[in-house]
Amino acid sequence: MNRQEKIASLLGDILIPILGFFMWDWSIYFICLFFLLDQLAREVSHLYRMRYVKKQQQISQRSYLLNALIFIAFVFMVHWYNFMLHPSINFAHEMNAFFWYKDSGFAQGFFLFPLVIIGERMRFKMNMKQFSNDMHLKSWQNHSVQIFAYFMLFLLLSIGLTVSEMSKTASFLCLILGFACITLFADKFSAFFPR
């Protein structure tokens with residue numbers, strides 16, 4: 001991930017959750033849902049890019065399978081973490097509330113979903129024009145490593161919640177700090193992910 005991509009990721013992964021938590025009174029689960037929506041858009045975008053690259057270079061089935069398993073485990077761990085924070089949470093109710101939440105007079109789902117899709121579509125087009133096949137593969141590896149790092153972050157936070165109680169603000173700050181570290185440093189470990 002180049003410097004510009006890291007800055008863009010930091011803005012999306014950190015600035016919006018901070019604004020959501022402190023200005024719009026989003027719950028941690030709301031922040032996690034926004035984050036999952038963003039990661040799902042990136043996952044789909046990477047899969048489409050890999051279909052293009054696959055025509056020129058061989059990508060192992062193991063790489064696809066490993067990525068899919070990591071992503072599923074990551075989604076599960078996000079929900080487990082939120083269950084550990086609030087054992088009485090009703091996920092279906094919270095997802096519905098997230099979509100229909102009104103801050104500026106209309107439901108945020110009608111604004112956030114297209115915004116995330118348009119943003120990822122713009123990134124997709126830019127990367128398809130600028131990236132070589134090797135750069136696409138490196139981006140795929142970086143993405144997979146990031147998803148694994150996010151899985152580990154939520155796992156560690158869940159374990160931390162079993163050991164000690166954390167306030168809502170402390171949990172949020174740990175989460176944001178983890179997001180920042182992963183965005184800045186996860187690509188250093190991409191060589192360990194198979195092609």
Side-chain angles (χ1 to χ4, degrees), residues 9-48 64-121 123-124 143-144 146-180 182-183 186:
S9 284
L10 276 173
L11 288 175
D13 295 346
I14 294 168
L15 182 62
I16 292 174
I18 288 172
L19 291 173
F21 188 79
F22 291 111
M23 291 182 65
W24 304 322
D25 199 31
W26 280 5
S27 68
I28 290 178
Y29 188 59
F30 269 34
I31 290 162
C32 288
L33 285 175
F34 172 77
F35 182 68
L36 283 173
L37 177 64
D38 189 43
Q39 294 305 315
L40 179 62
R42 289 181 192 183
E43 181 75 10
V44 170
S45 177
H46 274 90
L47 288 172
Y48 271 104
Y64 284 113
L65 180 62
L66 183 59
N67 187 75
L69 292 174
I70 291 169
F71 192 82
I72 291 165
F74 157 66
V75 171
F76 172 79
M77 193 51 63
V78 168
H79 285 84
W80 182 253
Y81 164 71
N82 280 280
F83 175 75
M84 295 298 290
L85 271 175
H86 303 288
S88 61
I89 193 169
N90 180 332
F91 290 117
H93 177 267
E94 291 296 320
M95 287 178 194
N96 188 51
F98 174 77
F99 185 89
W100 294 104
Y101 178 79
K102 291 182 181 178
D103 182 52
S104 52
F106 60 95
Q108 73 178 0
F110 292 114
F111 174 71
L112 282 179
F113 280 70
L115 183 67
V116 168
I117 292 167
I118 289 167
E120 196 54 45
R121 180 73 179 149
R123 184 194 322 233
F124 175 85
H143 170 71
S144 297
Q146 270 195 322
I147 294 297
F148 181 73
Y150 288 132
F151 166 79
M152 292 302 296
L153 171 66
F154 282 99
L155 175 64
L156 291 172
L157 289 172
S158 298
I159 291 169
L161 287 170
T162 62
V163 174
S164 68
E165 282 194 36
M166 277 196 272
S167 70
K168 182 179 168 184
T169 304
S171 294
F172 172 74
L173 292 175
C174 288
L175 192 61
I176 290 301
L177 181 62
F179 285 174
I182 290 167
T183 300

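Computation of the quantities below employed the complete heavy-atom set of this structure, encompassing side-chain atoms and omitting hydrogens, waters and symmetry-equivalent molecules. Throughout, numbering of the chain's residues begins at 1 and tracks the sequence.
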Tell me, please, which residues at least two apart from E94 pass side chain to side chain donor-acceptor pair (under 3.5 Å). none
Set out, in order, the CA-CA distance, both residues' side-chain angles and the distance that settles side chain to side chain contact (heavy atoms under 4.5 Å, CB included) for Y81 and I28, then state yes or no. CA-CA 10 Å; Y81 164 71; I28 290 178; 3.8 Å; yes
Side chain to side chain contact (heavy atoms under 4.5 Å, CB included) assessment of M152 paired with M77: CA-CA 9 Å; M152 292 302 296; M77 193 51 63; over 6 Å; no
Ring centre gap for F35 and Y150 strictly below 6.0 Å: yes
On a heavy-atom basis, the closest approach of A41 and V116 is CB-CG1, 3.6 Å
Identify the two heavy atoms, one from S158 and one from M84, that lie closest to each other, and give their separation to 0.1 Å. O-CE, 4.0 Å
Got a second to check how far I16's CD1 is from L115's CG, nearest 0.5 Å? 7.0 Å
If we only count heavy atoms from C-beta on, is the P17 to F172 side-chain gap below 4.5 Å? yes
H79: which of F74, Y29, F154 passes ring-ring contact (aromatic ring centres under 6.0 Å, His included): Y29
Quickly, which of L175, I31, I176 forms a side chain to side chain contact (heavy atoms under 4.5 Å, CB included) with F21? Name it, please. I31
Could you grab the distance from atom OH of Y64 to atom NE2 of H46, nearest 0.5 Å is fine? 11.5 Å
Just wondering, are more than 12 heavy atoms of other shown residues or ligands nearer than 6.0 Å to OH in Y48? no
Rounded to the nearest 0.5 Å, what separation is found between the CZ atom of F98 and the SG atom of C32? 10.5 Å
Can you check whether L85 reaches S171 side chain to side chain, under 4.5 Å on heavy atoms? yes
Can you classify the ring geometry of F30 versus Y101 as parallel (below 30°), tilted (30 to 60°) or perpendicular (above 60°)? perpendicular
Ignoring hydrogens, what is the shortest heavy-atom contact between L112 and F34? Give both atom names and the distance. CD2-CE1, 3.8 Å
What is the distance from atom CZ of F151 to atom CD1 of I70, rounded to the nearest 0.5 Å? 9.0 Å
If you round to the nearest 0.5 Å, how far is CG of L156 from SG of C174? 10.5 Å
Run M95 and F99 through side chain to side chain contact (heavy atoms under 4.5 Å, CB included) and show every step you take. CA-CA 6 Å; M95 287 178 194; F99 185 89; over 6 Å; no
Please report the shortest heavy-atom distance between G109 and P114, naming the atom on each side. O-CD, 3.7 Å
For a side chain to side chain contact (heavy atoms under 4.5 Å, CB included) check, start with the C-alpha distance between L65 and L69, then their side-chain angles and the critical distance, and finish with the verdict. CA-CA 6 Å; L65 180 62; L69 292 174; 4.1 Å; yes
Just jot down the side chain to side chain donor-acceptor pair (under 3.5 Å) partners of W100, sequence neighbours excluded, or say none. N96
With rounding to the nearest 0.5 angstrom, report the CD1 to CG distance, I147 to N67. 7.5 Å
